[in-house]
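Just below is one structure, and these are the notes that go with it.
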Amino acid sequence: MATYAAFHRRSLEDREGFWAEQAQLIHWHKPFNRVLDYSRPPFARWFVGGETNLCHNALDRHLAARGKQKALVWISTEVDKSRSFTYEELFFEVNRVAAMMKSLGVKQGERVIIYMPMIPEAVFAMLACARLGAIHSVVFGGFAAASLAARIDDARPALMLTADGGSRMGKHVLYKALVDESLKLARHPPRKVLIFRRGLDPAMASVRARDVDWAALEREVTLTDVPCAWLESNQPSYILYTSGTTGKPKGVQRDVGGYAVALAASMQHIFCGEPGETMFTTSDIGWVVGHSYIVYAPLIAGMTTILYEGVPIRPDAGIWWKIVQEHKVAVMFSAPTAVRVLKKQDPAYLKKYDLSSLKHLFLAGEPLDEPTHVWITESLGRPVIDHYWQTETGWPLLSAHPGVENTPLKMGSPSFPVYGYDVRLLHEITGNEVKDGEKGVVTIAPPLPPGCMSTVWGDDQRFVDTYFKDFKNQLIYSTFDWGIRDKDGYYFILGRTDDVINVAGHRLGTREIEEAVSAHPNIAECAVVGVADPIKGQMPLAFAVLKDASKRTTPQEVMETVDKQLGAIARPKAVHFVTLLPKTRSGKTLRRSIQALAEGRDPGDLTTIEDPGALEQIRQSLGNQ
Ligand code: ATP
Ligand code: MG
């Protein structure tokens with residue numbers, strides 16, 4: 001067996017040879033004539049001249065060997081329903097939706113916005129776009145009308161797909177009504193809106209000549225075999241807007257061939273997903289994790305994928321583990337925020353189900369603090385792999401590689417650079433590589449590997465200006481995250497470069513202090529922000545959620561914990577206890593909004609906030625200071 005280190009080294013020293021081999025994992029209608037064209041840095045074109053199709057690789061290719069195997073299992077604890085589709089059935093459904101879209105005039109290269117809840121039809125729609133060579137842009141269902149309108153105007157879609165409604169925590173969310181509202185604001189509305197009715201909005205209004213009923217159109221189409229459009233590897237497959245945690249969302253454009261290869265390879269070397277096994281990714285199709293690891297990668301790998309509409313604690317905190325038992329889930333992918341939610345619940349739920357099918361639990365999306373990593377590893381009795389990536393990269397950038405070598409895991413660390421990524425930790429001012437144990441900005445020396453964003457949709461210059469201009473004299477991709485590498489080569493992510501707190505000239509990552517606060521045994525999760533201080537420049541301020549609110553815990557105790565872990569320099573000015581933290585719908589803490597409130601400023605755009613009540617608590621605890 002190869003070692004991780006040799007594998008990674010080869011991926012950089014013999015880039016083209018390495019990726020030419022990985023490219024054999026997918027089907028090429030026409031072989032590529034060049035592995036990499038890097039004649040226009042930093043734009044990388046992978047598998048030039050090759051023709052392929054994502055839908056073919058996800059479905060058609062498996063029909064002969066696994067037509068009767070389950071491809072998609074939908075479970076909704078919101079409407080108490082489930083449905084499953086074999087590869088043959090999913091193939092049929094996708095072809096039918098492709099025929100429907102074709103009948104509405106959708107052509108190769110045109111954009112289709114999918115604004116749908118977590119239902120099978122949303123997956124059919126994504127794969128149908130891929131089949132036709134139409135470019136999908138899935139917009140997360142939690143976004144408000146103005147955010148949706150901004151994305152419509154940027155993507156200029158020919159068609160939008162939606163449903164009457166979705167459901168969250170048993171509460172109905174009216175998707176179609178929101179689409180109507182956004183289309184009043186949009187300057188580039190689509191020709192048609194195709195609506196799937198679930199019966200969640202009986203009073204749904206219809207706009208004549210624009211709105212089309214899904215079921216009616218489904219009955220009309222006769223053409224159900226739609227051939228795959230063979231696309232040159234570098235044509236766009238989709239646009240996905242970044243979460244917008246740090247500002248204006250960017251339209252991340254992805255290719256076809258490089259993406260398919262990167263996903264297929266990651267299933268082997270990182271996720272260890274075998275054909276016929278089941279993968280359960282708890283994300284949403286509106287996020288990159290949903291694109292890559294609910295829809296495309298598991299299907300490309302011939303696995304069964306689970307699409308779950310619901311939350312981790314309803315009907316009770318055992319629901320995910322029940323799904324793992326019932327569907328013999330082998331590979332699971334979730335987020336630290338969800339694990340911290342479970343940490344506040346009765347741990348007995350984790351022992352109630354047979355989890356022996358589970359090989360690994362992968363977690364990504366935000367820093368996984370060491371205590372949570374330890375807790376979930378011990379509770380599950382399975383390896384829990386922290387891995388780090390971004391919407392921009394499309395697949396992991398730092399991770400352990402159990403499919404290559406079983407390197408020991410370190411709690412709180414996403415392990416090592418993934419093959420294909422030339423990761424450098426650079427000093428923020430000098431731009432030189434930092435030494436082991438020193439903090440630096442996580443960057444990637446281009447070319448970016450296959451599967452990463454090709455450009456910002458419609459704006460090549462913005463791609464270069466946004467990501468490659470941070471270090472003046474070098475063309476280098478910045479992740480805008482701080483990292484540190486220990487003497488064994490393990491990386492630790494310390495937070496975003498704009499989340500740094502400068503206390504009397506010492507630059508501390510919010511993550512470092514959060515980690516120290518979380519070391520207190522009664523703290524489930526916390527957020528630390530820097531607030532202006534007349535003497536020290538900035539001071540950390542902590543907001544913490546207790547595991548057990550009935551156990552007396554004082555701010556003083558928490559401060560002492562931080563003193564012990566990091567030193568008095570990092571000691572928060574105050575520690576406030578709250579019952580929940582303000583987060584985006586993708587589970588990321590809105591530190592910038594907390595900081596704004598603490599400094600008496602406007603908290604900014606809050607359309608992606610999960611629960612406005614959380615910000616109210618922050619406001620109140622600040623008022624009580
Ligand atoms: P925007 O770029 O629009 O502000 P965003 O950065 O929140 O939004 P994503 O691309 O979904 O949107 O998130 C990627 C970011 O999440 C990373 O840059 C990093 O800050 C954080 N992240 C992801 N995985 C990890 C991890 N394992 N450990 C620490 N941080 C992580
Ligand atoms: Mg980002």
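Each residue takes its place number in the sequence, starting with 1. Counting starts at 1 for both ligands and their atoms, in listed order. None of the values given here were measured: they were computed from a predicted structure.
Looking at P367 against ligand 1, both its backbone and its side chain come within 4.0 Å, counting heavy atoms. Of all the heavy atoms of Q390, the ones lying under 4.0 Å from any atom of ligand 1 are found in both the backbone and the side chain. In V288, neither the side chain nor the backbone holds a heavy atom less than 4.0 Å from any atom of ligand 1. Residue contacts with ligand 1, taken as heavy atom pairs separated by less than 4.0 Å, involve D481 solely via side-chain atoms from C-beta onward.
Considering only non-hydrogen atoms, atom 6 (O) of ligand 1 lies nearest to R496 out of K250, R496, E392.
Ligand-side atoms of ligand 1 in range of I493: 29 (C), 30 (N), range being under 4.0 angstrom from any heavy atom. Ligand 1 places these atoms under 4.0 Å from at least one heavy atom of W389: 14 (C), 17 (C), 23 (C), 24 (N).
Contact between R496 and W482 at its shortest, heavy atoms only, is O-CD1, 3.5 Å.
Side chains of R156 and R187 form no contact here, defined as non-hydrogen atoms less than 4.5 Å apart. When side chains are defined from C-beta on, P447 does not count as touching Y477, because their heavy atoms never get closer than 4.5 Å. Contact of the F271 side chain with the H360 side chain is not registered, since no non-hydrogen atoms from C-beta on lie closer than 4.5 Å.
A cation-pi arrangement is present between R254 and Y259 under the rule of less than 6.0 angstrom and at most 45 degrees off the ring axis.
The closest approach between a heavy atom of G365 and any atom of ligand 1 is below 4.0 Å.
The pair R511-E514 does not meet the salt-bridge criterion, since no charged nitrogen lies less than 4.0 angstrom from a carboxylate oxygen. Looking at E370 and K410, no side-chain N of the basic residue comes within less than 4.0 Å of a carboxylate O on the acidic one, giving no salt bridge.
Checked against a 3.5 angstrom limit, the closest N/O atoms of T391 and ligand 1 fall inside it.
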